Amino acid sequence: MNQSDFVAELSWRGMVHQTTEGLAAHMATLGRVAYAGFDPTADSLTVGNLVSAMLLARLQRCGHKPIVVMGGATGLIGDPSGKSSERQLLDPAQVKKNVAGQRKIFEKLLDFTGPNAAVIVDNAEWLLKMGYIEVLRDIGKHFSVNQMVTRDSVANRLESREQGLSYTEFSYMILQAYDFAHLFKAHGCTVQMGGSDQYGNILSGIDLIRRLSQGEGFGLTAPLLLKSDGTKFGKSESGNVWLSAERTSPYRFHQFWLNASDEEVGKLLRWFTFFDRATIEALEAAQKANPSERAAQKALADAATEMIHGAAEVARAKSAALALFSGDIRALDAALLDEVTHDLTSTVIAASALDGDGVALLEFLATTPLAASKREARDFLAAGAVSVNGEKAVTDAKLTRKDVLHGAVILLRRGKKQWHALRVGN
RNA sequence: GGGCGGUUACUCAAGCGGUCAACGAGGGCAGACUGUAAAUCUGCUGGCUUAGCCUUCGGAGGUUCGAAUCCCCCACCGCCCA
């Protein structure tokens with residue numbers, strides 16, 4: 001495996017925002033242990049979380065040992081960093097379930113065998129055992145409130161009158177600092193990584209390690225990932241892009257990357273693929289020379305989808321896209337049709353309803369997610385935005401048995417990308 | 001406790017007795033153009049059995065032939081005085 005210098009590797013990929021002094025020299029020795037934390041606020045991770053996950057994956061490929069820290073305990077509280085308002089508290093059963101869901105994703109990104117096997121730990125293991133008095137006595141005394149209130153994440157919330165900051169949230173940084181100190185002792189972990197909003201928390205941890213163990217810790221943060229238009233990365237028309245197939249299908253996942261803009265595709269390749277520098281630069285050059293080919297976007301979509309969902313799902317996503325966008329839907333064979341419709345929202349209709357004159361498309365559209373009301377359905381039909389099995393539909397179109405493909409399904413489309421399957425029941 | 005100003009559709013924001021389903025901007029959606037892009041242009045953006053009808057302008061009453069617009073009460077927000 002390639003054991004290139006970790007810090008240099010991240011640098012050329014543009015994934016380094018800040019590091020503490022001496023990190024590069026520290027990482028020159030192989031076998032270092034580093035961690036990144038994840039809040040179990042959902043049973044899956046989003047592409048936003050993928051930034052930190054990739055830091056760990058690259059770390060391991062550079063010959064170091066990654067630790068994933070699930071915030072099973074801190075997730076009960078919520079990090080105030082970057083949040084404008086108080087977090088909802090999660091209940092313990094939910095957190096447990098979420099931790100299990102996220103664990104599955106890390107198993108795809110990290111190698112859990114070998115000398116630098118990745119480890120997943122849950123900070124509930126050590127934080128829940130601690131008593132309040134113990135925390136105040138052993139940890140709290142090492143923190144200066146004077147210093148804590150000057151942290152941006154805290155100061156912003158103190159200034160805003162409406163929001164305020166609860167004592168609970170205020171204490172979050174103490175707990176996160178303790179995580180680092182605990183991992184230092186228990187796992188020899190010397191490095192913490194995260195997004196740029198975590199820098200303050202990381203420094204607190206390094207400080208605590210010095211006080212509790214007279215040891216030296218290091219930190220590294222990645223820049224915040226924003227889209228070129230300044231909006232938050234990782235949202236698509238249909239909401240957040242998740243890393244589990246149950247929440248975001250591999251097809252949609254693949255489409256998400258494929259739709260990356262020309263300006264940001266180079267950056268995304270650097271961040272989210274393991275392609276080497278020469279490969280990425282060649283892809284960028286190809287993209288620039290012939291934009292409509294979208295060579296860079298295609299390579300990005302395939303690589304990212306393969307990493308998360310596997311090669312088989314890449315092939316499925318591509319054949320589905322080919323069929324849906326080529327428009328020649330009637331030509332699909334039954335098996336491929338099934339593949340294509342697998343991910344789509346669907347409605348079941350009785351076969352008998354399609355007999356004779358059939359059902360008015362206008363009526364039916366309003367019952368699907370494609371149109372919110374009959375009024376809207378009428379607008380879409382009038383604008384020529386709706387197609388049945390890839391062919392544009394007229395306003396008074398009827399759906400009949402003739403429209404059913406392979407005796408099973410009718411494919412409706414609104415606009416360019418909104419699809420809906422109409423499945424025929426008995 | 002007292003005085004003043006506000007509360008309008010997804011957001012901001014006009015309207016100040018009929019011509020108001022409500023100007024405008026943003027956002028969203030659709031069409032054309034394209035590369036399943038960006039930019040641009042056009043249309044739509046409460047609902048319906050759509051030349052019309054129905055339900056909306058913080059909540060409840062009232063005045064009027066007629067109210068988002070006037071009056072009264074209530075709730076919430078902002079500013080000023082104590």
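Not measured: the values here are computed from a predicted model.
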Task: Base versus backbone protein contacts along nucleotides 32-43 of chain B [heavy-atom cut-off under 4.0 Å; B, S, -] - done: S-BBBS------
- [ ] Please list, chain by chain and in numerical order, all residues satisfying side-chain contact (heavy atoms from CB on, under 4.5 Å) with A:S144, sequence neighbours excluded.
- [x]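 Result, side-chain contact (heavy atoms from CB on, under 4.5 Å) vs A:S144: A:N146, A:Q147.
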Open item on the list: Tell me which pairs pass ring pair (Phe, Tyr, Trp, His ring centres under 6.0 Å) where either residue lies in residues 278-316 of chain A, with sequence neighbours left out.
Closed with: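 Counting only pairs at least two positions apart or across chains, the ring pair (Phe, Tyr, Trp, His ring centres under 6.0 Å) contacts touching residues 278-316 of chain A are A:F253-A:H309.
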Complementary nucleotide of [N], counting Watson-Crick and G-U pairs under 3.5 Å:
| N | value |
| --- | --- |
| B:U63 | none |
| B:A22 | none |
| B:G78 | B:C4 |

Open item on the list: Using a strict heavy-atom distance below 4.0 Å, which residues from residues 363-377 of chain A are in contact with RNA chain B?
Closed with: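 Contacts with RNA chain B under 4.0 Å: A:S373, A:K374, A:R375.
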Task: Pair A:E376 + A:R414, salt bridge at N-O below 4.0 Å - done: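 The answer is no: the pair does not qualify as a salt bridge.
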Open item on the list: Does A:R61 qualify as a cation-pi partner of A:F274, given the criterion of NZ or CZ under 6.0 Å from the six-membered ring centre and within 45 degrees of its axis?
Closed with: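 Relative to the ring axis of A:F274, which defines the angle, A:R61 lies inside both limits.
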Open item on the list: Quick check for you: to the nearest 0.5 Å, what is the distance between A:L110 atom CG and A:M54 atom CE?
Closed with: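 Here the rounded value is 10.0 Å.
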Task: Residues which pass salt bridge (Lys or Arg N to Asp or Glu O under 4.0 Å) with A:K416, listed by chain and number, not counting sequence neighbours - done: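 None.
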TODO: Only counting residues at least two apart or in another chain, list the ones meeting salt bridge (Lys or Arg N to Asp or Glu O under 4.0 Å) with A:D207.
DONE: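 In terms of salt bridge (Lys or Arg N to Asp or Glu O under 4.0 Å), with neighbours along the sequence ignored, A:D207 is linked to A:R210, A:R211.
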TODO: Return the value, rounded to whole Å, for the distance between atom CZ of A:F380 and atom C1' of B:G31.
DONE: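 Whole-Å distance recorded here is 11 Å.
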